[in-house]
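The structure appears right after this line, and notes come after that.
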Amino acid sequence: SLTYTSSEATTNFVLADITVTECTLSSFTTTSSTVYGSTCTASSDGTPTVVVAAGTFTDGDGDDNSASNTYTWAYDGTGPIMTITSTTVSSGSSTNTQAVVMRYTTNEATTNFVIGDITVLGCVNSAFSQLAATVFETVCTAASDGTQMVLVAAATFTDAAGNDNYVSNTYTWTYDSGGP
C-alpha cells in the first residue's frame, strides 16, 4: 500500500502518472486534493520501484510537477531450499564408515535452522555446527548395519523474510560394518 502526497493541490494526478518496475499497480484512491494511494503488488522476488516522473501532472495553475523520490523495497516470497551432501559417502552408496559427516546448504541465509529440524532414520545426529550463514554440518552415526536416511522436512525453518523452507533432498546410504 503506497501513499502519494503532493506539496500542492492537483486535479489531474492519475494512476497512469506512476511508473513502476517489478510490481503491478491497482486500487488507486483519492483521499484529498494532495493525497492519493494505490496498491503495488510485486510480480516476483526482487526489488520493486515506484516513481512519479516530472511533468506527468499539474497543479491548479497548470505548473508541471517535479519528479518524486524513488520508492523501493525488497520482496522475498520464496522459501529457502536446503540441499544435503556429504564428502564421506555418496547418496545411495555403501560405506563401512559408521560416523558420516552431513553438510546442509541453503540457497539463502537463515537464523533459525537447528539440529531438531533434521529428520534421521537409522542414525543418530550430533555435533551440529554452522560453518557460514548458509552452511551447516552434523555427524550422523549409524546405530546398526543397514540403510541410513537424512532429510529436512518442509516448514521446519525460515528465511529472513519469514518464508518456510521447502523439503530437502533425501540423502541415503547403507552402513555395512562386516566383511564378506
Side-chain angles (χ1 to χ4, degrees), residues 1-86 91 102-119 128-138 149-172:
S1 179
L2 301 169
T3 301
Y4 311 88
T5 305
S6 175
S7 61
E8 295 181 45
T10 178
T11 58
N12 62 347
F13 180 63
V14 295
L15 189 66
D17 296 335
I18 306 165
T19 303
V20 299
T21 59
E22 297 188 35
C23 66
T24 303
L25 286 174
S26 63
S27 304
F28 187 75
T29 59
T30 302
T31 304
S32 71
S33 62
T34 60
V35 180
Y36 305 87
S38 75
T39 300
C40 194
T41 304
S43 51
S44 62
D45 288 359
T47 308
T49 62
V50 180
V51 67
V52 177
T56 57
F57 66 92
T58 59
D59 64 13
D61 295 330
D63 299 320
D64 286 341
N65 68 292
S66 299
S68 73
N69 61 310
T70 300
Y71 188 82
T72 64
W73 69 96
Y75 173 69
D76 178 1
T78 304
I81 300 168
M82 179 69 72
T83 303
I84 303 172
T85 59
S86 176
S91 186
M102 304 303 302
R103 180 163 284 182
Y104 310 85
T105 306
T106 64
N107 64 328
E108 57 183 308
T110 177
T111 57
N112 63 346
F113 178 65
V114 295
I115 195 167
D117 297 335
I118 304 165
T119 301
F128 182 82
S129 61
Q130 183 170 358
L131 306 178
T134 59
V135 182
F136 305 84
E137 278 188 353
T138 64
M149 181 204 70
V150 176
L151 70 85
V152 177
T156 56
F157 67 94
T158 61
D159 63 12
N163 298 306
D164 286 338
N165 68 292
Y166 295 100
V167 66
S168 73
N169 59 307
T170 300
Y171 203 92
T172 62

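Annotation: the span from T39 atom OG1 to L2 atom CG amounts to 7.5 Å, rounded to 0.5 Å. Summarising the geometry, atom CG belonging to D117 is positioned 11.5 Å from atom CG belonging to L151; distances are rounded to the nearest 0.5 Å. The OG1 atom of T31 lies 12.0 Å from the OH atom of Y4; values are rounded to the nearest 0.5 Å. One distance of note links CD1 of I81 with OG1 of T134; it measures 13.0 Å at 0.5 Å rounding. Rounding to the nearest 0.5 Å places OG1 of T138 at 6.0 Å from CD1 of I115. A distance of 8.5 Å separates CD in E137 from OG in S86, rounded to the nearest 0.5 Å.
Between the side chain of S33 and the main chain of A9, no donor-acceptor pair closer than 3.5 Å is present. Without hydrogens or angle criteria, N65 side chain to F57 main chain gives a donor-acceptor distance under 3.5 Å. For T5 (side chain) and V35 (main-chain N/O), no donor-acceptor pair under 3.5 Å exists by modelled atom type. Checked by atom type and distance alone, the side chain of D76 never pairs as donor or acceptor with a backbone atom of G162 at under 3.5 Å.
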Is there a side-chain contact (heavy atoms from CB on, under 4.5 Å) between V152 and I118? Walk through the geometry before answering.
CA-CA 5 Å; V152 177; I118 304 165; 4.2 Å; yes

Worked verdict on T105 versus T83 for side-chain hydrogen bond (donor to acceptor under 3.5 Å, both in side chains):
CA-CA 5 Å; T105 306; T83 303; over 6 Å; no

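Considering all non-hydrogen atoms of both residues, G79 and N163 come closest at CA-CB, 3.6 Å. Residues I84 and N169 approach most closely at N-OD1, 2.7 Å, considering heavy atoms. Contact between A153 and N165 at its shortest, heavy atoms only, is O-ND2, 3.0 Å. In terms of heavy atoms, T47 sits closest to T72 at CG2-CB, 4.0 Å. The shortest heavy-atom contact between D164 and P80 is O-CD, 3.7 Å. For the pair D45 and E22, the tightest heavy-atom approach, listed with the atom from each and the gap, is O-OE1, 4.1 Å.
Ring pair F113/Y104 is tilted by interplanar angle, where 30° to 60° counts as tilted. Note: Y36 and F28 have parallel aromatic rings, judged against thresholds of 30 and 60 degrees for the angle between ring planes.
Between D59 and T10 the shortest side-chain heavy-atom distance does not fall below 4.5 Å. Contact of the S6 side chain with the F13 side chain is not registered, since no non-hydrogen atoms from C-beta on lie closer than 4.5 Å. Counting heavy atoms from C-beta outward, T41 and C23 have side chains that stay 4.5 Å or more apart. A heavy-atom distance below 4.5 Å is found between the side chains of R103 and L131. Within the 4.5 Å cutoff, the side chain of V52 has heavy atoms near those of the I18 side chain.
By the side chain to side chain donor-acceptor pair (under 3.5 Å) test, T34 is found to be paired with S32, residues two or more places apart in sequence or in another chain being considered.
Taking the six-membered ring wherever Trp is involved, the centroid distance between the rings of Y71 and W73 falls below 6.0 Å.
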